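These notes concern the structure reproduced below.
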There are 2 protein chains.
Amino acid sequence: MTSTVMPLHVRIRRDLEDQIRSGALMPGQKVAFEHELMTFYNCSRMTVNKAMSALSAAGLIERRKRAGTFVKLPRLDSTVIDIPDIQIDITARGESYGFELIERRVRTAVTAKERELAGEDGRVLSLTGLHLASGKPLAVEERLINLAAVPQAEAVDFSHLSPGHWLLEAVPWTQVENEISATEADAELTRRLGIEKGQACLVLDRRTWSGPERITTVRQTYDGTRYRLVAHFDTLRRSAPRP
Amino acid sequence: MTSTVMPLHVRIRRDLEDQIRSGALMPGQKVAFEHELMTFYNCSRMTVNKAMSALSAAGLIERRKRAGTFVKLPRLDSTVIDIPDIQIDITARGESYGFELIERRVRTAVTAKERELAGEDGRVLSLTGLHLASGKPLAVEERLINLAAVPQAEAVDFSHLSPGHWLLEAVPWTQVENEISATEADAELTRRLGIEKGQACLVLDRRTWSGPERITTVRQTYDGTRYRLVAHFDTLRRSAPRP
DNA sequence: TTTTTGATAATGTATAGACATATCTATTGG
DNA sequence: CCAATAGATATGTCTATACATTATCAAAAA
């Protein structure tokens, strides 16, 4: 597949990966010793070691001194799913993306949520808007931005600009907390998403930090019939959601 | 924290990680050259290189020849969430776990879903059951197991044994596909989970492979008010769901 | 001015060797 | 027989060096 010449340590790693994936090397089984691979590939131990260390770091194998190297049991309790940025996700599906601002307010933090974000008497920018896929509402977004951390947000016109996408460029985050849940559509959601009353919606709550500082809190509520989170995962590394 | 002496390349990596996390090194900023770190830590280039390569592999930094090394923008479109095994998740919350089998059938693949799993005329084990947290139903599970791949499943008594947990030990997977969606509780879910009719439920569909072979297909439908997926993620590595 | 070319500097890959560390095995001493 | 001990061995770390690769910058040519 890859037309370019592959570095040897990458080739060794891929060979082993392939054997593990295909089942030729099953979990628990012993992998060849470094010195065996070294003679097989006719290379130095450092090169083999680089390949094996990478596999070990990726959690595919376990290495024990004196004993050797063994294929690890993949653990289901740490399976992983991608959570895409909604704008990127929509365009990746080949649909056109749009954002429509419903409400914008600047105020002093009063509610618990606002104070958790901006602290006592901190100022927050509150935005409510709609994410559109091919012109149709896909998700409602309710966002709070900590103006102490992102003062420049106050001057931005978010009428048709996804705040999440803007923030991504303006203030890179270092930590995110995501929470996925389900909720029934209330009257407001029903109206805004144009769905049936009581329909199930997927809710994504996200809080982001930049270093120690809180940046933003957002809740995106998706039309449950039109949106789902998909992830393909294998023992080496996850891949992107399918088209 | 760590009482043992840390290898130098780990220390270098952690120092850089900490600087990135704390905001001392912001995305886009240039990281010191290898030869600078080499004199700073008084070590060889290979040691610095090992640390930097690891950070590069983890996606924290980007390295360009001649130009140097730069802190990467974390990309929201590849944020990640843990999907725990339900049994492990429930016990981790300090609740007692239980499984209750509702229906068990062995049959030849007829529906599209069954044939996708077991192929034309393949035999499948169909299991329906309830996951209980502290004695109360938390999720309904509908599972199909490919008996060609896991013949020993036919002899197992799943009356009070979580099939997913058993499978994990019996047949290690190499690939998983997860899908999260939301649905309204129908009459059957209402009855089995003891919830209100029409309530929103979180649905987790999972398909697993072992090498090229399909192992199982499962749909777990959760009581939306009692279950949510949580993940804390930072630019270096994700951590477990909070208690 | 624009384009080409070439030197330069940074990372990427690989080697051979050295010593450290953990752990398994066999031998020895009680 | 059990326990302590002493190899043996596989991985872990690190060095010093070499050459490959490639983006960048500046000088030379069009």
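The structure displayed is predicted, hence computed values, not measured ones. Numbers restart at 1 for each chain; the letters A, B, ... are given by sequence-line order, proteins then strands.
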For the pair made of CZ in R63(B) and P in dA10(C), what is the distance, rounded to whole Å?
12 Å

So that I can tick it off, tell me whether E142(A) and R219(A) are bridged by a salt bridge, with the cut-off set at under 4.0 angstrom between side-chain N and carboxylate O.
no

Taken in chain and number order and not counting sequence neighbours, the residues that satisfy side chain to side chain contact (heavy atoms under 4.5 Å, CB included) with A148(A) are N146(A)

Sorted by chain and residue number, the salt bridge (charged side-chain N to carboxylate O under 4.0 Å, His left out) partners of E62(B) (sequence neighbours excluded) come out as none

So, taking the atom named NE2 in H9(A) and the one named CE in M46(A), what distance separates them when rounded to the nearest 0.5 Å?
11.0 Å

Who pairs with Y41(B) by side chain to side chain contact (heavy atoms under 4.5 Å, CB included), at least two apart in sequence or on another chain?
L8(B), R11(B), I12(B), D15(B), L37(B), C43(B)

Indicate yes or no: at least one non-hydrogen side-chain atom of H165(B) is less than 4.5 angstrom from one of I86(B).
no

State which residues pass ring-ring contact (aromatic ring centres under 6.0 Å, His included) with H35(B); sequence neighbours excluded, sorted by chain then number.
F33(B)

Value rounded to 0.5 Å, distance of CZ in R143(A) from CZ in R206(A):
8.0 Å

Report all interatomic pairs (protein N or O, nucleotide N or O of nucleotides 5-8 of chain C) with separations under 3.5 Å.
{"from": "dT8(C)", "atom 1": "O2", "to": "R66(B)", "atom 2": "NH1", "distance (Å)": "2.6"}

Kindly write out the residues that satisfy side-chain hydrogen bond (donor to acceptor under 3.5 Å, both in side chains) with N49(B), not counting sequence neighbours, or none if the list is empty.
E34(B), S53(B)

Using the side chain to side chain contact (heavy atoms under 4.5 Å, CB included) criterion, which residues pair with P151(A)? Sequence neighbours excluded.
none

With sequence neighbours left out, the residues meeting side-chain hydrogen bond (donor to acceptor under 3.5 Å, both in side chains) with H131(B) are Y97(B), E141(B)

With a strict under 4.0 Å distance from non-hydrogen atoms of chain B, what nucleotide opens and what nucleotide closes the contacted stretch of DNA chain D, reading 5' to 3'?
dT13(D) to dT24(D)

Base, sugar-phosphate, or nothing for T69(A), non-hydrogen atoms under 4.0 angstrom?
sugar-phosphate

Nucleotide dT13(C), atom C1' - distance to CZ of R11(A) in whole Å:
15 Å

Going from NZ on K72(B) to CD1 on I20(B), what distance comes out if it is rounded to the nearest 0.5 angstrom?
11.5 Å

Nucleotides 14-21 of chain C: protein proximity per nucleotide (B base, S sugar-phosphate only, - neither; heavy atom, under 4.0 Å)
BBBBB--B

Who are the side-chain hydrogen bond (donor to acceptor under 3.5 Å, both in side chains) partners of R123(B), not counting sequence neighbours?
E154(B)

When you measure from every atom of DNA chain D, which of residues 30-37 of chain A have a heavy atom less than 4.0 Å away?
F33(A), E34(A), H35(A)

